[in-house]
Amino acid sequence: MFATYLIGLREGLEATLVVSILVAFLVKSQRRDRLPQVWAGVGLAVALSVLFGWLIEYTSTSLLARSEDRELFEAITSVAAVVFVTWMIFWMRRAARTIAGELRGKLTEALAVGSLAVAGMAFLAVIREGLETALIFYSAAQGAAGDSGPLLALIGGIVTAVVLGALLYASALRINLSKFFTWTGALLILVAAGILKYGVHDFQEAGVLPGLNDLAFDITSALDPTTWYAALLAGMFNVTPAPTVLETIAWVGYAVPVLLLFLRPTRRKPTSTATTTTGTERGADTGTEAEAATTPQPA
């Protein structure tokens, strides 16, 4: 359940920060009359994300009759989720310092067009996070059918993200967002490795890949699946005591190089002008790379 909580926390905080940037810009620009359009766009994005998640679940449980088809569907969604997780982590790492300026520029253009454009801007800013969350959650929660724990953990993560975002916006809390996204990004890479491993297993059960009975190792005697720590490892990173050869290759082949690429130091470009943050701006940044990403500008 920690994996789904982490997904909700990470994706929820990204979406919350995006919304806070839009709201802060409108407030600073004395355009509070456009806030209802922003919330309308956010609400529509959330509703469609929930619908997308339900559609995935309905397709798997109701539209696919054969178990082989369900296994294949789950395998494909697992691979898609890994692609989205990887893209999202590296995109956030690269765009953290420029996202606020880009959002403000797009919102300025939308304000000149009209209310629908403002709502559409807010919708597009949030829908990506929502669709990613639905897909990643479905893939991460596979094997927990009938268990409401993963869903409650996801909701808990999203609620935590909203509370953190509100406190940041209100300047009541300061956290190092750069370190936060680095640590959660690294953990999500391990979660994604587990999702990919699960996808490979589903491909094997569907008959697409061979080697379902070819085990890489069996440490069941040392890592009893019935123990709490074994369940924790399986639930978080899909680490199992008796994986197949292809599952192990997939887990290691994804986790090791992606972690190395993600954690390698990045060169910072020198800035020509200094920026200052006050009031609401300090509530959205941390004095790190995310600082420039959450600084609303006056009109």
More than 12 non-hydrogen atoms from neighbouring residues, nucleotides or ligands closer than 6.0 Å to [atom1] on [X], yes or no?
{"X": "Trp183", "atom1": "CH2", "result": "no"}
{"X": "Leu116", "atom1": "CG", "result": "no"}
{"X": "Phe84", "atom1": "CZ", "result": "no"}

Going by atom types only, do [X] and [Y] share a side-chain donor-acceptor pair under 3.5 Å?
{"X": "Thr240", "Y": "Lys197", "result": "yes"}
{"X": "Tyr138", "Y": "Ser78", "result": "no"}
{"X": "Arg10", "Y": "Thr184", "result": "yes"}
{"X": "Glu74", "Y": "Thr77", "result": "no"}

Has the side chain of [X] got a donor or acceptor atom that lies under 3.5 Å from a matching backbone atom of [Y]?
{"X": "Trp251", "Y": "Leu246", "value": "no"}
{"X": "Ser29", "Y": "Leu26", "value": "no"}
{"X": "Gln204", "Y": "Gly211", "value": "yes"}
{"X": "Thr227", "Y": "Asp224", "value": "yes"}

Within the structure provided, determine whether [X] and [Y] are in side-chain contact (heavy-atom separation under 4.5 Å).
{"X": "Glu109", "Y": "Leu107", "value": "no"}
{"X": "Leu154", "Y": "Tyr5", "value": "no"}
{"X": "Met121", "Y": "Gln37", "value": "no"}
{"X": "Glu247", "Y": "Tyr198", "value": "no"}
{"X": "Asp214", "Y": "Thr244", "value": "no"}

What are the two closest non-hydrogen atoms of [X] and [Y], and how far apart are they?
{"X": "Ile127", "Y": "Ala45", "value": "CD1-O, 3.5 Å"}
{"X": "Gly253", "Y": "Pro257", "value": "O-CG, 2.9 Å"}
{"X": "Leu72", "Y": "Phe203", "value": "CD1-CE2, 3.6 Å"}
{"X": "Gly185", "Y": "Ile89", "value": "O-CD1, 3.5 Å"}
{"X": "Val118", "Y": "Leu111", "value": "CG2-CD2, 3.8 Å"}
{"X": "Ala230", "Y": "Pro225", "value": "CB-CA, 3.9 Å"}

Membership question, hydrophobic clusters at under 4.5 Å side-chain separation (ILVMFWY): are [Y] and [X] in the same one?
{"X": "Leu209", "Y": "Leu212", "result": "no"}
{"X": "Leu17", "Y": "Trp91", "result": "yes"}
{"X": "Leu215", "Y": "Val239", "result": "no"}
{"X": "Val83", "Y": "Leu187", "result": "no"}
{"X": "Leu152", "Y": "Val46", "result": "no"}

Working note: Leu261 + Phe90, criterion side-chain contact (heavy atoms from CB on, under 4.5 Å); need CA distance, chi angles, decisive distance, verdict.
CA-CA 9 Å; Leu261 285 173; Phe90 282 95; 4.1 Å; yes

Atom pair [atom1]/[atom2] of [X] and [Y] - distance to nearest 0.5 Å:
{"X": "Arg31", "Y": "Asp33", "atom1": "CZ", "atom2": "CG", "answer": "5.0 Å"}
{"X": "Phe123", "Y": "Leu44", "atom1": "CZ", "atom2": "CG", "answer": "5.0 Å"}
{"X": "Thr61", "Y": "Ile56", "atom1": "OG1", "atom2": "CD1", "answer": "11.5 Å"}
{"X": "Thr86", "Y": "Tyr254", "atom1": "OG1", "atom2": "OH", "answer": "2.5 Å"}
{"X": "Ile249", "Y": "Leu196", "atom1": "CD1", "atom2": "CG", "answer": "11.5 Å"}
{"X": "Leu259", "Y": "Ile189", "atom1": "CG", "atom2": "CD1", "answer": "4.5 Å"}

Would you please test Ile195 and Asn238 for side-chain contact (heavy atoms from CB on, under 4.5 Å) and show each step?
CA-CA 7 Å; Ile195 293 175; Asn238 199 23; over 6 Å; no

Show your working on side-chain contact (heavy atoms from CB on, under 4.5 Å) between Glu71 and Arg66 and close with a plain yes or no.
CA-CA 9 Å; Glu71 297 293 346; Arg66 296 194 312 156; over 6 Å; no

Derivation and outcome, side-chain contact (heavy atoms from CB on, under 4.5 Å), residues Trp87 and Glu132
CA-CA 10 Å; Trp87 176 83; Glu132 284 179 2; 3.3 Å; yes

